[in-house]
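Chain letters run A, B, ... following the sequence lines, proteins first, then strands; residues in each count from 1.
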There are 2 protein chains.
Amino acid sequence: MATIKDVAEQAGVSITTVSRVLNNKVKGYMREETGQKVRKVVKELGYIPDPRARSLRGLESGVIGVILPEGINPFYQELAHAITEVCYKERYGLLLCSSENDVKRELSYIKLLQNQKVDGIIISTDHLSAEVINELIKKGTPIVLVDEDVPEANAPAIFANNYQGACLATQYLIDLGHRTMAFIKGPMRALSCRERYKGYCDTLLKSGLKVEEALIEEGGMTYKSGYKTMKSLLQDRDDQFTAIFCSDDFMALGAMRAIQDEGKRIPDDYSIVGFDNVYVSSMSNPGLTTVAQPINQIAGRAFRAIKDWPKRGLTKKRRHQYLNTKLIVRESCRVLEHN
Amino acid sequence: MATIKDVAEQAGVSITTVSRVLNNKVKGYMREETGQKVRKVVKELGYIPDPRARSLRGLESGVIGVILPEGINPFYQELAHAITEVCYKERYGLLLCSSENDVKRELSYIKLLQNQKVDGIIISTDHLSAEVINELIKKGTPIVLVDEDVPEANAPAIFANNYQGACLATQYLIDLGHRTMAFIKGPMRALSCRERYKGYCDTLLKSGLKVEEALIEEGGMTYKSGYKTMKSLLQDRDDQFTAIFCSDDFMALGAMRAIQDEGKRIPDDYSIVGFDNVYVSSMSNPGLTTVAQPINQIAGRAFRAIKDWPKRGLTKKRRHQYLNTKLIVRESCRVLEHN
DNA sequence: CTGAAAGCGCTTACAG
DNA sequence: CTGAAAGCGCTTACAG
């Protein structure tokens, strides 16, 4: 690997000069000719400054860290992939961490990332305290929240507009003619789930429908929990609803399977809508109608938030960005005729 | 962040001494007492040596790179996750790269990883040439191949035993009573696909059955291609086979859907087996019987191969490790009675 | 048994 | 307009 010294020698200048042209600290101070000469040698040698050496001097390391809650969850995998894409385009490295919903592990990863002097951290967590995050920011590590909020944390935060998405789904079912719909919600600890729940309730009420407590169950955002929850709904109240809205695709997929295992059909007997539009939701049978999160936008903005982090000025005011979702209509819902 | 200087001051010794106890260059040369004192301060300050500074001096950076072919493909996502897990346990960072099957991008990532001075690279590729890889190794970057082979590359390589897996699946269908089974193979460019194909053929022949060219089609390892391929098989030769073996789960899932769309049932009308045991294969309806790759083992061994890379001795002889697969029986196959 | 000094590859005041 | 020198946080010969 060529070093700055090699370039300096070849170009017949000092390493200081090389460094200057590399960092564009040149304006008006350097002969055009010198710059050209250096740039030429840089190209010839395929020289790239060592990011470790640069970051030792307090500059960027060219790497960001991403901490996601679950390694096997396709939604987070897709989010990770979206972030990978923007990093690639921006020629950044991406240090991927999966906390497996364990605070200890989150903390341990944060330490690792600090040690590696990443230029910033993108994190989705509902376990970390605001103190930890604010401390981190004070110490100079840019950190941006995605997908899930940490109240009181003074970091920029970027999510899908979960409330709007839930309204979209619920309204869609209402427009189709459904009047009674079950809701399998996610853990109320998570803000995103609370918002989806709220969207469901508000939309029902707005249309003059009742929110039936008996038709609302809480699941654990997994295929299995969706399956089990649906089974019990079918056992106790199978004739009290014609549609189901699930707080995520996996529960929806599990619920579909439960319905089909009971010998009922989708959408003939029950209509169902999911949330997230994970890759596999298009692969169910029938294809699952769902609410798509703007994953690429989230990734892009999160990255920008880190790159545009105020150099060493005051900590900017915390900013929330809610990005709109989109309804993806497939085949899991039907029009309900009233007679 | 505490530095080695802080520790030295607090402990009342030189930074040399601190460095020595940190790196265990101590044996017989240092007073037990000094070591204790230093360790105590290290602990108090929560001091961790800066990996960038260490690696500048030629030591480990504590980060490895992983280059996978497709960011959205759940199989690779699960592999990435498995590697994440071992890295976490070993307190390593993981720089994740997704080449999207593009050589240019692969090369660009390799450059990035070299620049970041990773301790090694785990890569799955069928685009890279052996030259590039051997060059890399010669230059001192440990590199290990997973999942897919690069013939002539002199790197350790770790894969699932695809041949054995295909035999397992085919034999299973034969044992169930099937005598005619279609095969949707993957691109013959990939060694893994060729091995699966070979396993299918050999097992058939071994049982005295014929390999029917007309029942073999090539798909692109995607849900869509599985769907399309199956559709055409059903149109032309629906009565010529009772089972289908697919070179991966996504094609199998697509094929299932195609079968069901034609009004046929699984496993009543057709039995089907996939390959990979991706997370979603348990979520199909019916659950897909498939061949599980030993993903955790692959991840573990790949990591070890990097950690145990011969320090600066001769390049070790290239070693292939084939790890056995396992049949995961779910509900997509049935016994075929003969009369 | 321990420390002062050189050096890894850079950047950035400081000087000229 | 350009360069010599200090320094980022470490490790490792070399000396004592």
Report yes or no: is there a donor-acceptor pair, N or O only, under 3.5 Å between the side chain of B/T16 and the base of C/dA4?
yes
What pairs of nitrogen or oxygen atoms, one from the protein and one from nucleotides 6-10 of chain D, lie under 3.5 Å apart?
{"unit_1": "D/dG7", "atom_1": "N2", "unit_2": "A/R57", "atom_2": "NE", "d": "3.4"}
{"unit_1": "D/dG7", "atom_1": "N2", "unit_2": "A/R57", "atom_2": "NH1", "d": "2.6"}
{"unit_1": "D/dG7", "atom_1": "N3", "unit_2": "A/R57", "atom_2": "NH1", "d": "3.2"}
{"unit_1": "D/dG9", "atom_1": "N2", "unit_2": "B/A53", "atom_2": "O", "d": "3.4"}
{"unit_1": "D/dC10", "atom_1": "OP1", "unit_2": "B/Y47", "atom_2": "OH", "d": "2.8"}
{"unit_1": "D/dC10", "atom_1": "OP1", "unit_2": "B/D50", "atom_2": "N", "d": "3.2"}
{"unit_1": "D/dC10", "atom_1": "OP2", "unit_2": "B/I4", "atom_2": "N", "d": "2.7"}
{"unit_1": "D/dC10", "atom_1": "OP2", "unit_2": "B/Y47", "atom_2": "OH", "d": "3.2"}
{"unit_1": "D/dC10", "atom_1": "O5'", "unit_2": "B/Y47", "atom_2": "OH", "d": "3.1"}
{"unit_1": "D/dC10", "atom_1": "O5'", "unit_2": "B/D50", "atom_2": "N", "d": "3.4"}

Work out which heavy atom in B/K117 is nearest to a heavy atom in B/S61; give both atom names and the distance.
O-OG, 2.9 Å
Out of curiosity, B/N161 CG to B/Q321 CD, how far, rounded to the nearest 0.5 Å?
12.5 Å
Check for a donor-acceptor pair, side chain of B/E78 on one end and backbone N or O of A/I72 on the other, with a separation under 3.5 Å.
no
Could you check whether the rings of A/F159 and A/Y322 sit parallel, tilted or perpendicular, using 30° and 60° as the cut-offs?
tilted
Show the nearest heavy-atom pair for residues A/S98 and A/Y109, with the distance to one decimal.
O-CE1, 3.3 Å
Taking only side-chain nitrogens and oxygens of A/T34, does any of them come within less than 4.0 Å of OP1 or OP2 of D/dC1?
no
Is there side-chain contact between A/L68 and A/V66, with heavy atoms separated by less than 4.5 Å?
yes
I'd like to know if the side chain of A/D147 pairs up with that of A/Y76 as donor and acceptor (distance under 3.5 Å, no hydrogens or angles considered).
yes
Every protein N/O within reach of nucleotides 14-16 of chain C N/O, cut-off under 3.5 Å:
none

Verify, without hydrogens or angle tests, whether B/E100 (side chain) and B/G71 (backbone) share a donor-acceptor contact under 3.5 angstrom.
yes
Taking only Watson-Crick and G-U wobble pairs with both distances under 3.5 Å, what dot-bracket line describes DNA chain D, where [ ] shows pairs that cross earlier ones and | shows pairs with another strand?
|||.||||||||.|||
Using modelled atom types only, decide if a donor and an acceptor are shared between the side chain of A/D6 and the backbone of A/T3 within a distance under 3.5 Å.
yes
Distance test, side-chain N/O of A/S14 to OP1/OP2 of D/dA4, below 4.0 Å:
no
